[in-house]
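Notes to accompany the following structure.
Note on naming: letters A, B, ... go to the chains in the order of the sequence lines (proteins, then strands), and numbering restarts at 1 for each one. Only heavy atoms go into these numbers, but all of them, side chains included; no hydrogens, no water, no symmetry mates.
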Amino acid sequence: MIPDRMAYHQLVWEIVREIPPGKVSTYGRIAGLLAPIHGMSEQAYSARGARMVGGAMAACPSNVPWHRVINAQGKVSLRKSDGGVEQRTRLEDEGVEFDEKDRVDLKRYLWQGPPDKWLIEHGLKD
DNA sequence: TCCTTGACTCAGA
DNA sequence: CTCTGAGCCAAGG
């Protein structure tokens, strides 16, 4: 078992749980809230972080609103097999609108992130 | 151990 | 706006 990865995943889930209904965030933004862990270099993490968050989403428990996490282009991105229908439906139920290109307007729906207080309480910031 | 994948992103064309 | 290719590297076969 690899405790490091589990810890990272749990941290990601805690952040995702803070995203309010009707708002979305991106893999990259979430990765950016976390410090480079596993001894990865800042540069490596900036390029790999988003995918690591994606990996955390793939293994997230049911109490995490994974559907509020989309990619930097404002689109839902899922595994090859799934068309992302469920994710889109869930977001629309919360009032998030998609344009004719299946994209979300990040200027309107992007979650600005947890307040500093929250980050400090969770040891993600000094 | 080598090879393929991957819920990503950014810069170019 | 859409499509490519490169960058990065952990996991699983």
Validation: residues 45-55 of chain A side-chain donor-acceptor distances under 3.5 Å, sequence neighbours left out:
unit_1 : atom_1 : unit_2 : atom_2 : d
A:Y45  : OH     : A:Y8   : OH     : 2.9
A:Y45  : OH     : A:A31  : O      : 2.9
A:S46  : OG     : A:Q43  : O      : 2.7

Side chain of A:A58 - closest among C:dA11, B:dA7, C:dA10: B:dA7
Cluster companions of A:L110 among Ile, Leu, Val, Met, Phe, Trp, Tyr (side-chain spacing under 4.5 Å): A:V24, A:I70, A:V76, A:L91, A:V96, A:F98, A:V104, A:L106, A:Y109
side-chain contact (heavy atoms from CB on, under 4.5 Å) involving A:T89 - partner list, sequence neighbours excluded: A:V85, A:D93
Side chain to side chain donor-acceptor pair (under 3.5 Å) partners for A:R108, two or more places apart: none
Results of side-chain contact (heavy atoms from CB on, under 4.5 Å) for A:S77 - residues two or more places apart only: A:Y27, A:N71
For A:A72, side-chain contact (heavy atoms from CB on, under 4.5 Å) partners two or more places apart: none
Note, A:I30 side chain near A:V16 side chain (heavy atom, < 4.5 Å): yes
Separation of atom CZ in A:R5 from atom C1' in B:dG6, rounded to whole Å: 13 Å
Atom pairs under 3.5 Å, N or O on each side, protein against nucleotides 11-13 of chain B: can you list them with distances?
none

Within residues 89-105 of chain A, residues whose heavy atoms come under 4.0 Å of DNA chain C: A:K101, A:R103
Donor-acceptor pair, side chain of A:W66 and main chain of A:C60, under 3.5 angstrom: no
Partner set under side chain to side chain donor-acceptor pair (under 3.5 Å) for A:R90, not counting sequence neighbours: A:E86
Distance in angstrom units between A:M6 CE and C:dA10 C1', rounded: 17 Å
Side-chain donor-acceptor pairs of residues 119-126 of chain A under 3.5 Å, sequence neighbours excluded:
unit_1 : atom_1 : unit_2 : atom_2 : d
A:H122 : ND1    : A:E14  : OE1    : 2.8
A:H122 : NE2    : A:W118 : NE1    : 3.4

With sequence neighbours excluded, residues passing side chain to side chain donor-acceptor pair (under 3.5 Å) with A:D102: A:R88
Any A:Q43 side-chain nitrogen or oxygen under 4.0 Å from OP1 or OP2 of C:dC8: yes
Euclidean distance, atom CE of residue A:M57 to atom C1' of B:dA7 [Å, nearest integer]: 9 Å
Gap between atoms OH and P, on A:Y45 and C:dC8 respectively (whole Å): 16 Å
Atom pairs under 3.5 Å: protein N/O with N/O of nucleotides 8-10 of chain B:
unit_1 : atom_1 : unit_2 : atom_2 : d
B:dC8  : OP1    : A:S77  : OG     : 3.2
B:dC8  : N3     : A:R51  : NH1    : 3.3
B:dC8  : N4     : A:R51  : NH1    : 3.0
B:dT9  : OP1    : A:G28  : N      : 2.8
B:dT9  : OP2    : A:A72  : N      : 2.6

